[in-house]
Amino acid sequence: MTLPRCAALCLFGLFVDPALAAPCTPPAPPPAEARPEKPKRPDKPACLDAKGGCPGWEAYTYNDAVKAYNAQAQAFRPLAEAYLQRLNAYVKASSDYAQCEVKALQP
């Protein structure tokens with residue numbers, strides 16, 4: 001048994017009708033508290049640029065601070081990259097959401 005042409009088209013129209021489609025879901029941005037904190041560079045001692053240089057203890061202290069900063073920066077990099085991926089996913093989801101809304105408004 002076949003449906004009359006209008007009935008088949010009308011039935012098909014129910015599946016394409018944007019009003020009956022699933023509603024568009026707005027994306028949620030990654031939480032701000034998930035943003036990793038960039039390590040602070042150590043303050044450069046003024047004596048470093050002076051003609052006589054720094055006393056040994058101050059130079060060693062600064063050198064140790066630079067080494068610690070480099071270790072923190074190395075640990076920060078994968079956290080920042082992961083957060084960046086979440087931001088990029090949010091941007092893509094925002095675009096998909098906007099396209100969904102546009103399609104929902106089309107007759």
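Just so it is clear, the model here is predicted, and its values are computed rather than measured. Just so you know, these numbers use all the heavy atoms, side chains as well, and skip hydrogens, waters and symmetry mates.
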* To do: Enumerate the residue pairs fulfilling side chain to side chain donor-acceptor pair (under 3.5 Å) with a member in residues 36-49, sequence neighbours excluded, ordered by first and then second residue.
  => Lys40-Asp43, Lys44-Asp49
* Asked: Who passes side-chain contact (heavy atoms from CB on, under 4.5 Å) against Pro78, sequence neighbours left out?
  -> none
* Structure fact -> Contacts of Ala71 meeting side-chain contact (heavy atoms from CB on, under 4.5 Å) (sequence neighbours excluded), chain-then-number -> none
* To do: Could you tell me which residues satisfy side-chain contact (heavy atoms from CB on, under 4.5 Å) with Val66, sequence neighbours excluded, listed by chain and number?
  => Pro42, Tyr62, Asn70
* **Residue pairs fulfilling disulfide (SG to SG under 2.5 Å) with at least one residue in residues 41-85, sequence neighbours excluded** => Cys47-Cys54
* Asked: Listed by chain and number, what are the side-chain hydrogen bond (donor to acceptor under 3.5 Å, both in side chains) partners of Glu101, not counting sequence neighbours?
  -> Tyr97
* In Å and rounded to the nearest 0.5 Å, what is the CZ to CD distance from Phe76 to Glu81? -> 9.5 Å
* Sequence neighbours excluded, every pair satisfying side chain to side chain donor-acceptor pair (under 3.5 Å) that has a member inside residues 82-92 -> Lys92-Asp96
* Asked: If you look only at pairs with a residue in residues 67-107, which of them pass as a disulfide (SG to SG under 2.5 Å), with sequence neighbours excluded?
  -> Cys24-Cys100
